2 protein chains.
Amino acid sequence: MSYQLELRHLRYFQAVAEDLHFRKAAERLFISQPGLSKQIKELEQHMDVQLFERHNRKVELTPAGAYLKTELAHYFNGLNQIIEHSQLLDRGLVGNLKLSYVGSAMQQIIPDLLLAFRKQHPKILFSLKEMDNQTQVDGLLSQETDLAFVRLENLPRGLKSHPVLREAFCLVLPKNHPIDSHSFKELGQFKNESFILFDQQYSPSYYHKVMQLFEDNGFAPKVSHNTIHSNTIYKLVENHFGVSIVPKSLQLKSQKGVKFIPLDNLPHRTVLSAVWDPNNRNPALENILQLLRI
Amino acid sequence: MSYQLELRHLRYFQAVAEDLHFRKAAERLFISQPGLSKQIKELEQHMDVQLFERHNRKVELTPAGAYLKTELAHYFNGLNQIIEHSQLLDRGLVGNLKLSYVGSAMQQIIPDLLLAFRKQHPKILFSLKEMDNQTQVDGLLSQETDLAFVRLENLPRGLKSHPVLREAFCLVLPKNHPIDSHSFKELGQFKNESFILFDQQYSPSYYHKVMQLFEDNGFAPKVSHNTIHSNTIYKLVENHFGVSIVPKSLQLKSQKGVKFIPLDNLPHRTVLSAVWDPNNRNPALENILQLLRI
DNA sequence: CAAATCAATAGCTATGAGTTATCAATTAGA
DNA sequence: TCTAATTGATAACTCATAGCTATTGATTTG
């Protein structure tokens, strides 16, 4: 009956191959010489290869033994690397993190977060995808995404979330619009304007929040256009297709044809949340969450 | 106290990673489920990495476990290749054969031998070096050479030899020399010519054999030039520096300026021998010797 | 020729791989 | 709402074998 090959055999072989001396090698391995002899014999029988030439008072490697010796050095090295890499993966120090986000999060939050995270864990790779809120939630549940940035009030059961940014809105007007931050008093001044808003489908929760804002200010807006990109909104506003309301984080310092009026005084806020599946065991997720929870 | 990592652990892990089911994997490995669980746990402790997520009724790989699974496939494959290659080396089916030879052996013997051997063992590489007889013997004893082709009567103790070619001599004359194979009767006809011979140092044994030939024919030759290359001999003969005697195997079919007269009737023969050290354990040597001994 | 040095062998010991029996937790079916 | 079935983990045992001691045999050395 043939024995199973074990790493023990290879470790012992390596020691004898280095020392070319059973007694010394055995001492170094903290086992007895006969035990070592037996294990080497077993290795030779298992491989069906003669590894050593035992002469009267000296031991030599056969060509096959010499070959095995050089290969094993690489081999053990390879095994150690596999183990070390597994440990890094286990601790989330290397790996892959799949992120998704609503377009507006890319303006401020995501870039800062990624920069900070990369500094801490430079070996973790990201994949980034912009998608609407519902698609993001589906991605989380199917484990296609690890972490999503959404504007959603109520999440599906089982997902966890953490508010990342709680922000007021601001008006977007053409640069030459008669109303500016001094003459602005209340939203009712715009009851006869057309509004360009983010698509309802893209983020129902956000859309609902904006509508609430209008309702609390006593009118229902005329919505002339829908889009999912803030740049499109700015272009349309600049060309007098209407005015708009967006989260403050989308306010740009130097946008050519438009101006912004912050609505800080109104109580309404939109919340950008980081959302994840607590069952997702990607260790890199734990690490990026730690960064967010501070 | 930490256990040693053994191939057993990795084999068991692989089975569980494939089945994602401890009981099934245990069955496949012909061990009990608790034993398998214990070994996997030991592996996880040793690596300090969680490899599986044990849920209530299903087992899943962690990212680190998934990584380990893919790496191990390559890993075991690599180990098998090392073992297989060791076996080939052990049987002399791959490897390296260091040959040395006296220049005259390259004319006929070595090429034929190498062609036949390469046909049988295409994966064995040769290294070939021309050197004088004494250097060849030294190379054999220091294991720098595996097999030597020499012209030597008595070998150092311990080396073994096998005659490869036993050949007569032949005269080398300028093409327009008055004597040809018809008018040639006996060597005495050349007692007043100068002779160009192989260097004594290069092969004392051969030199001695040639001198014997002259002595048996009743004269001591005038030796005008020594060289170690047959081509140099032919050039000198062609240009009337003298005549020569060489082993028959150096006779060329179509040498421009010289003609050959075989001395088959004389009893003198020179022997080309293959020589090796029986203590040399290069398995490829055994295989090429088998070819020679036929 | 005695003493020292080497690896192999024989026979014993005890560690730990693998066993059986059981538990705890959950799911599926009646 | 039970029961039966299915899962992996745990506990306690047992037996195979890794490793031990003592010895041999072969050789070198002083």
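Chain A is the first sequence line, chain B the second, and so forth, proteins listed ahead of strands; every chain is numbered from 1. Keep in mind the model is a prediction, meaning the values are calculated, not measured.
A donor-acceptor contact under 3.5 Å is not formed by the side chain of Gln39(A) with the base of dA18(D).
Between the C1' atom of dT22(C) and the CD atom of Gln33(B) lies a distance of 11 Å, rounded to the nearest Å. Atom-to-atom, CD of Glu53(B) to P of dG8(D) comes out at 14 Å; the value is rounded to the nearest Å. Atom P of nucleotide dT7(D) and atom CZ of Phe52(B) are separated by 16 Å, given to the nearest angstrom. Taking atom CG on Asp19(B) and atom C1' on dG8(D), their separation rounds to 15 Å, with Å as the unit. Between the C1' atom of dC23(C) and the CZ atom of Phe22(B) lies a distance of 17 Å, rounded to the nearest Å. Here the C1' atom of nucleotide dA4(C) and the CZ atom of Arg23(A) are 11 Å apart, to the nearest Å. With rounding to whole Å, Glu27(A) atom CD is found 13 Å from dT21(D) atom P. For the pair Leu43(A) CG and dT17(D) C1', the computed distance is 17 Å after rounding to whole Å.
Between Ser32(B) and dT19(C), a side-chain N or O to OP1/OP2 separation shorter than 4.0 Å is present. Contact annotation: Arg54(A) side-chain N/O to dA8(C) OP1/OP2 distance is under 4.0 Å. Residue His21(B) places at least one side-chain N or O closer than 4.0 Å to OP1 or OP2 of dT7(D). For Arg8(A), a side-chain nitrogen or oxygen approaches OP1 or OP2 of dA18(D) to under 4.0 Å. OP1 or OP2 of dG19(D) lies within a sub-4.0 Å distance of a side-chain N or O belonging to Tyr12(A). One finds a side-chain N or O of Lys41(B) lying less than 4.0 angstrom from the OP1 or OP2 phosphate oxygen of dT10(D).
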* Derivation and outcome, side chain to side chain donor-acceptor pair (under 3.5 Å), residues Gln136(B) and Ser100(B) -> CA-CA 6 Å; Gln136(B) 291 197 66; Ser100(B) 68; 2.6 Å; yes

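Although no hydrogens or angles enter the test, the distance criterion places no donor-acceptor pair under 3.5 Å between the side chain of Asn282(A) and the main chain of Asp146(A). Between the side chain of Arg151(B) and the backbone N or O of Ser205(B), no donor-acceptor pair lies under 3.5 Å.
No salt bridge links Arg91(B) with Glu286(B); every basic N to acidic carboxylate O contact stays at or beyond 4.0 Å.
Glu42(A) comes within contact range of the sugar-phosphate backbone alone, with a heavy-atom separation under 4.0 Å but no base atom that close.
Under the ring-ring contact (aromatic ring centres under 6.0 Å, His included) criterion, His121(B) pairs with Phe117(B), sequence neighbours left out.
Mapping His9(A) and His55(B) onto DNA chain D by nearest heavy atom places His55(B) at the nucleotide closer to the 5' end.
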